[in-house]
There are 2 protein chains.
Amino acid sequence: MEKDKSDKKDHILDVAEKVFSDLGYDAASTRTISGEAGVNMAMLNYYFGSKEGLFLAVFERKIEMFRSMLQNLGNDASMNAWDKLDAFIEAFINKVVVNSCFAKLINREMSLNRRDGLMDKIGDILLTNVLEVKKIIDDGKASGQFRQEADTEMAVATIFGTKNYITNTSLVASKMLGNDVNDAAYMENELKPRIKKYLKELLKAYLLK
Amino acid sequence: MEKDKSDKKDHILDVAEKVFSDLGYDAASTRTISGEAGVNMAMLNYYFGSKEGLFLAVFERKIEMFRSMLQNLGNDASMNAWDKLDAFIEAFINKVVVNSCFAKLINREMSLNRRDGLMDKIGDILLTNVLEVKKIIDDGKASGQFRQEADTEMAVATIFGTKNYITNTSLVASKMLGNDVNDAAYMENELKPRIKKYLKELLKAYLLK
DNA sequence: AAAAATCAATCAATCGATTAATTAATAATA
DNA sequence: TATTATTAATTAATCGATTGATTGATTTTT
């Protein structure tokens, strides 16, 4: 039945996404993935051809979710530059931190120097978000709200980099913060508001005149 | 002869560092490392006990210089908090950006959720560096030079995270900056001074009263 | 001669992938 | 509708290759 087949493939992709994210591509064995998914190992090859095919399928299923993160804040004329940046930080931390598992996977594979077509595709999608923030800051400088001397690209790197550091180096970050950043309740109730508040204060101090 | 033995071990560590950085921990086989180093495979276990021991030896050799620099900063009573932070940023960007290849490897492995003893050990070493910076900022708040409301841990995450973002997501960062961050000349002559200048201005605006 | 270093050979374990046999689901036919 | 033919899905078993590690013999150094 087509419905059940799709459900099963989706379930495999769910499990594969988690195992790949936790262990990395090489350490994530097909036996582990099939075992946790409760299916026979041969089903992975039956559905996806190979381990690499499974990996690509996980990626491509997620691409749409990344695309949906775009805000179109840049075209909103009713907000000034700082309000747009404030809104982006709010949405960015809200959306991306909950799926930090997959975000880690993306960042890890992106840090490898294998120039697949897939990596280029993902790079372009990530770049779209980056350029949107860059545009907001550049517009703020053009309108006179932000300091002319402010370094736009570096500020963008700080927004994405600070979040990545907390979610990607969870072992170190957890010890530094005295709490487990992988703990959902702590992340939701304490860390997320704290990151937002900090990033806004930081950029306000640096960007605003 | 002790001298030759040290040279040979150092040579193995040199090769291992390169192979680990290029392929990642899992994909870097002991046969590849020993082959490129021109030594028998058994020598790796003879010298370093295991593959994990070899990786740890590579890491500890790499971080030794970095650690001593930080400890010296913390115990220097002749500098105030901001001067220490300034000196740290200077040294941090200078030393770590040139070897971004290995830094990428560490970051990649740290982002995995596999809790072997290896990652715990590396996490502890990295934490030592993180806590040194944290101490500098906390001391600055205690002495009244920095704002009491400043978020110490987030500021630490920004320092490490901003640099990591530029070096680790080189594909996206290069497109955003309009230059190849892997190009040594651009990195040395333009990007490194720019990152230093930016981080100092950013933290000055956020931390200082 | 004693100790340390190095080697080829091999170990058991695990990897991704494939096979052949079996079951379940669908289509065709009478 | 009942039975059969066909296809799809699933399984256990196993393939060859590769992994990290170890052995015992051999060479080199002390």
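Chain A is the first sequence line, chain B the second, and so forth, proteins listed ahead of strands; every chain is numbered from 1. Model, not experiment: these values are computed from the prediction.
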Discussion item. Are A:Leu126 and A:Ile106 packed together at the side-chain level, in the sense that at least one heavy-atom pair is separated by less than 4.5 angstrom?
Written reply: yes

Fill in: Side chains of B:Asp10 and B:Arg61 in contact at under 4.5 Å (non-hydrogen atoms)
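B:Asp10 vs B:Arg61: side chains touch.
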
Fill in: Aromatic A:Phe92 / basic A:Lys196 pairing, under 6.0 angstrom, 45° off normal
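Because its charged atom misses either the 6.0 Å distance or the 45° angle limit, A:Lys196 does not stack over A:Phe92.
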
Item to complete: Assess A:Lys51 against A:Tyr25: is NZ or CZ under 6.0 Å from the centre of the six-membered ring, and within 45 degrees of the ring's axis?
Response: yes

Worksheet item: Does a side-chain N-to-carboxylate-O contact under 4.0 Å join B:Lys18 and B:Asp14?
Response: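 Answer for the salt bridge query: no.
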
Discussion item. If the helix axis at each end comes from five base pairs, how far does the helix from C:dA1-D:dT30 to C:dA30-D:dT1 deviate from straight, to 10°?
Written reply: 0°

Fill in: Where at least one partner belongs to residues 151-161 of chain A, residue pairs that pass salt bridge (Lys or Arg N to Asp or Glu O under 4.0 Å), sequence neighbours excluded
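Non-adjacent pairs meeting salt bridge (Lys or Arg N to Asp or Glu O under 4.0 Å): A:Lys134-A:Glu153, A:Asp151-B:Arg194, A:Glu153-B:Arg194.
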
Worksheet item: For every nucleotide of nucleotides 6-19 of chain C, 5' to 3': is a protein heavy atom under 4.0 Å from its base (B), only from its sugar-phosphate (S), or from neither (-)?
Response: BBB-B----BBBB-

Item to complete: Would you tell me whether A:Tyr198 and B:Thr158 have side-chain atoms, one donor and one acceptor, within less than 3.5 Å of each other?
Response: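 Yes, because at least one side-chain N or O of A:Tyr198 sits under 3.5 Å from a partner of the opposite role on B:Thr158.
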
